[in-house]
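First the structure, in the form of structure tokens, and then the observations on it.
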Amino acid sequence: MSDGKGRNNKLQDNKANSVSKSASEVGSMGKAKGEKGDEPSGGPRHHVRIISRRVRLLDIDNLYGGCKHLIDSLRLTSIIPDDDPASITLEVSQEKIKGYANEQTEVEVKCV
């Protein structure tokens, strides 16, 4: 279909677009409440604090995104029971420092 300016309006085009086809089936992202294994753990909550000391500060989305593997490793080594919001509280911050030799990441885990 044309928009009157000689351009095709692809939104209203009835032809199948192979690029926009989904490679996977769309479905629910999570389990329904009440299923077996979905019960709250009832264990103590953990507070995870991550402080990144860097010469060049990161954008906040990169800072939080960079913590994912660290948090997953805390879970896989059973330092924290799970990484869901019911099991942990998460605090992530960064501090600007001088000198690349002083860069470090501090991780603190407390049972609250």
Side-chain angles (χ1 to χ4, degrees):
M1 299 183 148
S2 176
D3 65 356
K5 297 181 182 177
R7 298 178 293 213
N8 288 333
N9 185 346
K10 294 182 180 179
L11 293 176
Q12 295 178 357
D13 196 354
N14 291 332
K15 294 179 187 175
N17 183 349
S18 62
V19 174
S20 66
K21 285 183 182 176
S22 177
S24 62
E25 189 175 314
V26 177
S28 174
M29 295 284 294
K31 296 188 286 184
K33 294 291 180 195
E35 291 184 15
K36 185 175 181 176
D38 198 26
E39 302 87 7
S41 63
R45 243 180 127 166
H46 290 74
H47 180 74
V48 178
R49 177 186 298 164
I50 302 170
I51 303 170
S52 177
R53 294 183 175 93
R54 307 177 58 87
V55 172
R56 292 180 46 167
L57 298 180
L58 296 172
D59 292 340
I60 196 72
D61 57 337
N62 291 331
L63 177 64
Y64 272 86
C67 292
K68 179 183 179 5
H69 295 292
L70 177 57
I71 296 165
D72 286 345
S73 66
L74 293 174
R75 180 181 51 81
L76 290 172
T77 56
S78 300
I79 294 173
I80 58 175
D82 207 345
D83 56 359
D84 64 344
S87 299
I88 68 166
T89 56
L90 178 62
E91 177 185 343
V92 180
S93 63
Q94 60 183 335
E95 298 173 1
K96 188 169 180 72
I97 58 163
K98 293 184 179 183
Y100 288 103
N102 298 325
E103 285 191 335
Q104 63 181 0
T105 301
E106 180 180 323
V107 180
E108 180 181 302
V109 179
K110 288 184 180 178
C111 188
V112 292

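It should be emphasised that the depicted structure is a prediction, and the values quoted were computed from it without experimental measurement. Counting from 1, the numbers follow the sequence of the chain as shown.
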Distance in Å, [X] [atom1] paired with [Y] [atom2], rounded so as to fall on 0.5 Å steps:
X	Y	atom1	atom2	value
Ile80	Cys111	CD1	SG	12.0 Å
Gln94	Lys96	CD	NZ	9.5 Å
Asn62	Ser52	CG	OG	11.0 Å

Are the side chains of [Y] and [X] in contact, using a 4.5 Å heavy-atom criterion?
X	Y	value
His46	Pro81	yes
Asp82	Ile88	no
Val48	Glu108	no
Ile51	Glu95	yes
Ile50	Ile71	yes
Val112	Pro44	no

Check [X] against [Y] and note the closest heavy-atom contact, atom names and distance.
X	Y	result
Lys98	Val55	C-CG2, 4.5 Å
Thr89	Arg45	CG2-NH2, 3.2 Å
Leu74	Thr77	O-OG1, 3.3 Å
Cys67	Val92	SG-CG1, 3.8 Å
Leu57	Arg54	CD2-O, 4.3 Å

Are Glu103 and Arg53 within salt-bridge range, i.e. N to O under 4.0 Å?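 Answer for the salt bridge query: no.
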
Using modelled atom types only, decide if a donor and an acceptor are shared between the side chain of Asp84 and the backbone of Ser87 within a distance under 3.5 Å.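 Here the side-chain-to-backbone pair exists.
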
For residues Tyr64 and Val109: do they belong to one hydrophobic cluster (side chain heavy atoms under 4.5 Å, members Ile, Leu, Val, Met, Phe, Trp, Tyr)?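 They do share one cluster, since a chain of ILVMFWY contacts under 4.5 Å joins Tyr64 to Val109.
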
Look at atom NZ of Lys68 and say whether more than 12 heavy atoms of other residues, nucleotides or ligands are closer to it than 6.0 Å.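 For Lys68, atom NZ is not crowded (no more than 12 foreign heavy atoms under 6.0 Å).
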
